[in-house]
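Here the structure comes first, spelled out in structure tokens, and everything after it is commentary.
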Amino acid sequence: MQKLSIITVFLLVFTLLTGCNSDGNQQDKVKAKAKVKVKVKVKEPVNLATVATMSETGHEGVLMGALNDCISVVDMKKINSWNFGIWLNREDNWVTYTWKKPIKTDRVTLWFWGDKEHVKSPESYKILYFNGTNYEEVKNSRGLRTEVESANNTTFDPVTTTSLKIEVNVSQGAYASLVEWEVYQSGEYVPFAPVVVAGEDRDVMTGGKTYLSGAVRSLQEVDKTTWSMVSGPGKVTFAEKNKLVTTATFDEKGDYVLMLTAKSGRMSSSSELKVKVCNPPAEKRLDVVYTKKYSIDNPLWNSRAKALIVDWIPHCIDYIERTDLKVGEGGLDNFIEAGKALRGEKHGSHKGYVFSNAWVHQTVESMCIALMVDPKGDREIIAAQAKMKKTLDKWIPIILAAQEPDGYLQTAWTLRDTSKWHQRWSPEGRGNHEGYVAGYFIESAINHYTLTNGSDKRLYDAAKKLADCWVANIGPGKIEWYDGHQEMEQALVRFGRFVNDMEGNGRGDSYIQLAKFLLDSRKNGIEYDQTHLPVQQQYEAVGHAVRASYLYSGMADIAAETRDIDYESAVMSLWDNLINKKYYITGGIGSGESAEGFGADYSLGNDAYCESCSSCGMIFFQYKMNLAYHDAKYADLYEETM
């Protein structure tokens, strides 16, 4: 337990250092919910891209399948979704389509997106075809326009090939975005078998069900789709075996293979997925151990702890207390101005990002944990801890003065532009990090309580007031809401456990229930913030890696607390996908191929993003899995990440 305590310091301050949630324009780089055309009647002209497979150079923001989903920029606006394909911002911008048999074509259409400020038209592009040996440019290209939000049609002399390639030139330092690439049949139509995707491999608990959501792309009408069992130790029961979206249950533990088959005329195609059926976790989770005063005696962590306590945390204190912070930053001054506003005094506006409060709360938490370390007579540590004590005495009244009368706390709201931000917890305000900063405040309050052994409950009581405010406003029959950036979910579970342990009588249960409600509300959205599917049906790690790992951590909390079998199956599936298909041998996650997030399975380039914040989230996730499943492999892996 000594090691875990100082590791907490390390993780929290490292999060502070990286400022990992400065999303900037990354939130625009998202993938809309998949639009799969199960039945497509053949008509001229035929878009052969529908049945092609895609590869590309390996860009940030690439979304496999987005370029040939038949959703143009115009269509995206009509359905109010953004289904981005590839962000082009380097010298080697190329994309290929490949077909299982030769196609004949003489025309393509490219759709580019732009915002007229940061994302603009590319300079040019050229089209190449595979001649059996290598790629060569098509002859007599006519068109080659690069206008944004417009059908850029290009014709050329007919080619017969199994692969086309586009090479795009972008101005240095600029961004362009290719969102759709259509390829049209030349001459007589040649039928293709449907393209079938069964879905991601997953785990399911015995007694539970797995949610199947297959996809079929076809140029002609699909006559029939069927789910079947290929192999397995027991019996599989499909709720509706002829529906793409259905469920399956299993009567025995073990490894199964399921198949989805689509038939179109005399042609058919199939796709398989693996399901591991395993026993659910033990009925009772492991107990939580709360940090109290401790000492460190370890060759590695002694020096790391001292560096953090003596150098890093004091630096954070000094920086947060500055009043000359630049645009994009924000510190204690936001709390000072919010306090003035609540007292009816003249005040300044909010500085920095909407989530900048988190840096203050994280530093409070770090100070509390660092103050629990036995300095063992080290004068430098003693001096640094003295500074931290004075800082907490100064900061706590300032932070509490910024709390709204009903318990709500976020200085970006209190100091908001009232002509633009009208409502808390609004669907349009999911990017305002209301839950993100609130969650960090709650977690700082827990550590302050343990630092003082409950003798100083100022932050604890304020955290209860904040959590009660959320419970009073969000839930069944009230507001259905979730934050675009997860954190509140795991904070509420942690706080619910803590309140129950400190006060008893189930007084923290409502916080745990709210955490589950927030998780259950995530649906009908996008992969970027993991709202593309209900969380119980998510089996693959996608989107922003920090958000994802925080989500999975909160889901593991709910699995441990409620024994919800769908949550147990989902978190085990996500863990399996992460560790076996999207995890670096260094313990990092997030290859950076999709807006600070994940790429496809096994796509683990050497120029990975692997942000320290996603590593923090992964450690949280592994720790919660260890609590739920009582298996030392999770502790081994979070130690590897550290």
Side-chain angles (χ1 to χ4, degrees), residues 1-2 4-9 11-13 15-16 287-295 309 313 316-317 335 357-374 385-403 407-409 435-471 487-512 514-515 553-554 557 561 620 623-624 627:
M1 300 318 302
Q2 293 176 349
L4 283 177
S5 298
I6 193 60
I7 286 166
T8 307
V9 182
L11 292 172
L12 289 169
V13 297
T15 303
L16 242 172
D287 285 337
V288 175
V289 177
Y290 298 112
T291 307
K292 296 183 178 179
K293 292 189 176 182
Y294 59 99
S295 62
I309 295 170
I313 297 176
C316 293
I317 294 169
F335 290 88
N357 283 179
W359 300 329
V360 178
H361 299 321
Q362 289 164 339
T363 303
V364 169
E365 183 171 16
S366 296
M367 284 190 285
C368 291
I369 297 170
L371 282 168
M372 288 186 261
V373 175
D374 182 355
Q385 289 179 328
K387 176 173 182 171
M388 292 177 203
K389 290 177 184 176
K390 290 181 180 178
T391 300
L392 287 175
D393 289 340
K394 174 183 176 182
W395 283 17
I396 289 175
I398 293 172
I399 293 169
L400 296 182
Q403 187 171 28
Y408 185 91
L409 177 59
Y436 181 77
V437 298
Y440 275 123
F441 174 67
I442 287 173
E443 299 212 56
S444 72
I446 293 171
N447 280 280
H448 183 255
Y449 185 105
T450 57
L451 167 67
T452 65
N453 200 25
S455 63
D456 184 345
K457 295 183 180 179
R458 286 177 296 169
L459 290 183
Y460 175 77
D461 289 340
K464 285 181 65 178
K465 189 176 180 182
L466 182 151
D468 289 339
C469 171
W470 279 64
V471 169
E487 156 59 16
M488 188 57 161
E489 298 87 347
Q490 62 178 354
L492 282 169
V493 176
R494 184 182 177 193
F495 194 52
R497 289 171 178 161
F498 189 75
V499 171
N500 282 340
D501 287 344
M502 297 303 111
E503 301 184 21
N505 300 318
R507 292 177 180 173
D509 289 352
S510 62
Y511 308 144
I512 297 171
L514 176 58
S553 174
D557 275 330
E561 293 298 323
F620 300 154
Y623 168 64
K624 311 298 178 56
L627 289 180

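By convention here, the first residue in the shown sequence is residue 1.
Residues satisfying the salt bridge (charged side-chain N to carboxylate O under 4.0 Å, His left out) criterion with Lys465, sequence neighbours excluded, are absent altogether. For Arg458, the side chain to side chain contact (heavy atoms under 4.5 Å, CB included) test picks out Ile396, Pro397, Leu400, Asp456, with sequence neighbours left out. With sequence neighbours excluded, the residues satisfying side chain to side chain contact (heavy atoms under 4.5 Å, CB included) with Ala402 are Phe335, Ala338, Leu409, Thr411. Applying the ring-ring contact (aromatic ring centres under 6.0 Å, His included) test to His448 and every residue at least two apart in sequence or in another chain returns nothing. Qualifying side chain to side chain donor-acceptor pair (under 3.5 Å) partners for Lys293, counting only residues two or more places apart in sequence or in other chains: none. Residues that satisfy the side chain to side chain donor-acceptor pair (under 3.5 Å) test with Ser553, not counting sequence neighbours, are Gln490, Lys624. Not counting sequence neighbours, the partners of Glu489 by the salt bridge (charged side-chain N to carboxylate O under 4.0 Å, His left out) test are Arg522. Residues satisfying the side chain to side chain contact (heavy atoms under 4.5 Å, CB included) test with Lys390, not counting sequence neighbours, are none. By the salt bridge (charged side-chain N to carboxylate O under 4.0 Å, His left out) test, Asp287 is found to be paired with Lys284, residues two or more places apart in sequence or in another chain being considered. For Asp501, there are no salt bridge (charged side-chain N to carboxylate O under 4.0 Å, His left out) partners at least two apart in sequence or on another chain. Listed by chain and number, the residues in a ring-ring contact (aromatic ring centres under 6.0 Å, His included) with Phe495 are Tyr460, Tyr511 (sequence neighbours excluded). For Glu443, the side chain to side chain donor-acceptor pair (under 3.5 Å) partners are Arg494, not counting sequence neighbours.
Within the 4.5 Å cutoff, no side-chain heavy atoms of Met367 are placed close to those of Leu451. Within the 4.5 Å cutoff, the side chain of Arg497 has heavy atoms near those of the Tyr290 side chain. In this structure, Phe441 and Asn357 have side chains that are not in contact, with every pair of non-hydrogen atoms separated by 4.5 Å or more. Two residues are said to be in side-chain contact when any heavy atoms from C-beta on lie closer than 4.5 Å; Val364 and Tyr440 fail this criterion. In this structure the side chain of Glu365 never reaches within 4.5 angstrom of the side chain of Ile446, judged on heavy atoms. Here the side chains of Glu503 and Lys464 are in contact, with some heavy-atom distance below 4.5 Å.
A donor-acceptor pair is defined here as one N or O able to donate and one able to accept, closer than 3.5 Å; such a pair exists between the side chain of Gln385 and the backbone of Ala370. A side-chain donor-acceptor contact under 3.5 Å links Gln403 to the backbone of Ala462.
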Could you walk me through whether Leu466 and Tyr408 pass the side-chain contact (heavy atoms from CB on, under 4.5 Å) test, one step at a time? CA-CA 5 Å; Leu466 182 151; Tyr408 185 91; over 6 Å; no
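For an aromatic pair to be called close, the ring centres must be under 6.0 Å apart, and Phe498 with Tyr449 satisfies this.
With a 6.0 Å radius and a threshold of 12 heavy atoms from other residues, nucleotides or ligands, Asp393 has its CG atom above the threshold. In the displayed structure, Lys387 atom NZ is contacted under 6.0 Å by more than 12 heavy atoms of other residues, nucleotides or ligands.
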